[in-house]
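One structure below.
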Number of protein chains: 2
Amino acid sequence: METGAVQLDRRQRRRQETIEEVLDVAAELMREQGVAGLSIGEVARRMGIRPPSLYVYFDSKNALYDALFERGANLIADAMQTFGEQLDDTLPLEDSLLVSANAFIKWAVEHPEYTQLLFWRPVPGFSPSERAYAPAIRLVELSQQRLALLQRRGLLRDDIALEDIQRDWTVITSGIVSQQLANEPGQPFESGTFTSAIPRVVAMFARQYASTQPTRRARHADKR
Amino acid sequence: METGAVQLDRRQRRRQETIEEVLDVAAELMREQGVAGLSIGEVARRMGIRPPSLYVYFDSKNALYDALFERGANLIADAMQTFGEQLDDTLPLEDSLLVSANAFIKWAVEHPEYTQLLFWRPVPGFSPSERAYAPAIRLVELSQQRLALLQRRGLLRDDIALEDIQRDWTVITSGIVSQQLANEPGQPFESGTFTSAIPRVVAMFARQYASTQPTRRARHADKR
DNA sequence: GTCTATATGACGATAGAC
DNA sequence: GTCTATCGTCATATAGAC
């Protein structure tokens, strides 16, 4: 019994390691060839095995895309969560928005293989499963919570629905990402034409949605 | 001689008609299956011919993508040029920007097959040729000319480089398009979650880049 | 349980007959 | 200009060795 359980653990661990290696190689391939350029045969070739062996770990190519989608969503959600926890909660509005935008866009531009899979629709016939989509929802909620906090601190206007503010924030950040990746692929975050526009665009957003109310210290919420 | 020339004309016209039919069917396929779902075999099947016959008109699948890129860029550039010529040149800044944004985004959302090919990078290994790219440059210049006109009319700030203003304008419009197409594909322009944000986002842009100088002649609005 | 060997059918592409 | 025949590669499926 004991031995059986240990062997099962070992086997499962070994299996999980192989799965991670497949995902590593697949992500590398998507980075080199573009998301739609992923090929089961090439993954197997680089791993030194035969293509059919991959079907032990993934039922289909779309199942592999699904696992990559889930992994990418978890990676960026984790990155943004860690970033949020380290964030100085006393920063003024524009500074706070600027560091958030920089963190998200930098990750997105430096991981184009996941960004394209997560935020564009490059693979015909592939839709993420509910399971794979869950961490993507977590990412949206994280962004919402950060904006809600700014609203509670009295820095963001509260006469406009948080939902609308978040939508505009998403439009701006994803607009920079998509322009940068489509027009200057491979260009580093620090020197991109569109990533360089982040401060200007964030200033525009901050100016529009900054609270016009004088900020009282430790303000909770009071409508005019 | 005369007969030869006439026959050549007729042959060339016939050839051009076939090419247009191939492009029509290919665009239809990209709309149904996604840009990367285009298949030479399926195009031939729908045209009632054999796949190798298509190679008379296009050297490769990427040559077909190239012709589709050129066609799409010409379609949207023509649409925006016609729109610009009909535009009322006395409109105030925000109105002028709003109708421009609506025209561009409406076209983009209603032609996702061309938009994806033109503004994303969904096809591994495909880059548009110089010839195919030329009308895309014309589109950028059109947008630049419209913003320059607004600047000359004294409506847009002239203390910021036109280039930077245009970059931010591109980020905003393409951000709406990419979010709308990626998150709600198939949703009509009129009822999209992100297309509905156009007035708010354009207002944000107009507020940031409106000239602070009082306009001398035929002034429409005055600040605070 | 995990792999190899092998097969199927679709794809893009080419050569050559008519 | 269109066809048939054919090639190599792809995703995918199954049979069976260890």
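Just so it is clear: chains get the letters A, B, ... in the order the sequence lines come, proteins before strands, and each one is counted from 1.
The CD1-P distance, from A:Ile19 to C:dC3, rounds to 11 Å in whole Å. For the pair B:Leu54 CG and D:dT4 C1', the interatomic distance rounds to 16 Å; values are reported in whole Å. For the pair B:Arg50 CZ and C:dT14 P, the interatomic distance rounds to 20 Å; values are reported in whole Å. Distance, B:Glu42 CD to C:dC11 P: 7 Å, rounded to whole Å. B:Tyr55 has its OH atom 14 Å from the C1' atom of D:dT6, to the nearest Å. For A:Glu21 and C:dC3, the CD to C1' distance is 15 Å, given to the nearest whole Å. Between the OH atom of B:Tyr65 and the P atom of C:dA13 there is a distance of 11 Å, rounded to whole Å. In this structure, B:Lys61 atom NZ and D:dC10 atom P are separated by 14 Å, rounded to whole Å.
At C:dC11, one or more side-chain N or O atoms of B:Arg45 fall inside 4.0 Å of OP1 or OP2 (strictly under the cut-off). Look at A:Tyr57 and you won't find any side-chain N or O under 4.0 angstrom from OP1 or OP2 of C:dG1. Side-chain nitrogen and oxygen atoms of A:Arg15 include at least one within less than 4.0 Å of the OP1 or OP2 phosphate oxygen of C:dT2. Dashed line: the shortest gap from a side-chain N or O of A:Ser39 to OP1 or OP2 of D:dA11 is under 4.0 Å.
At the heavy-atom level, B:Thr18 lies nowhere under 4.0 Å from the strands shown.
In summary, the side chains of B:Gln187 and B:Ser191 do present a donor paired with an acceptor at a separation below 3.5 Å, with no hydrogens or angles considered. At a cut-off of 3.5 Å, with distance as the only test, no side-chain donor of A:Arg200 or B:Gln208 sits close to an acceptor on the other residue.
Side-chain atoms of B:Ser53 lie closest to D:dT2 of the nucleotides C:dA5, C:dT2, D:dT2. Checking D:dC3, C:dG12, D:dA13 against every side-chain atom of A:Pro52, the shortest atom distance belongs to D:dA13.
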key: Audit row: A:Glu17, A:Glu20, side-chain contact (heavy atoms from CB on, under 4.5 Å) steps and yes/no   = CA-CA 5 Å; A:Glu17 282 171 11; A:Glu20 293 301 322; 5.8 Å; no
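The residue from B:Leu54, B:Ile40, B:Asp59, B:Ile19 that alone fulfils the side chain to side chain contact (heavy atoms under 4.5 Å, CB included) condition with B:Leu64 is B:Ile40.
Ring centroids of B:Tyr65 and B:Phe69 are separated by 6.0 Å or more, keeping the two rings apart.
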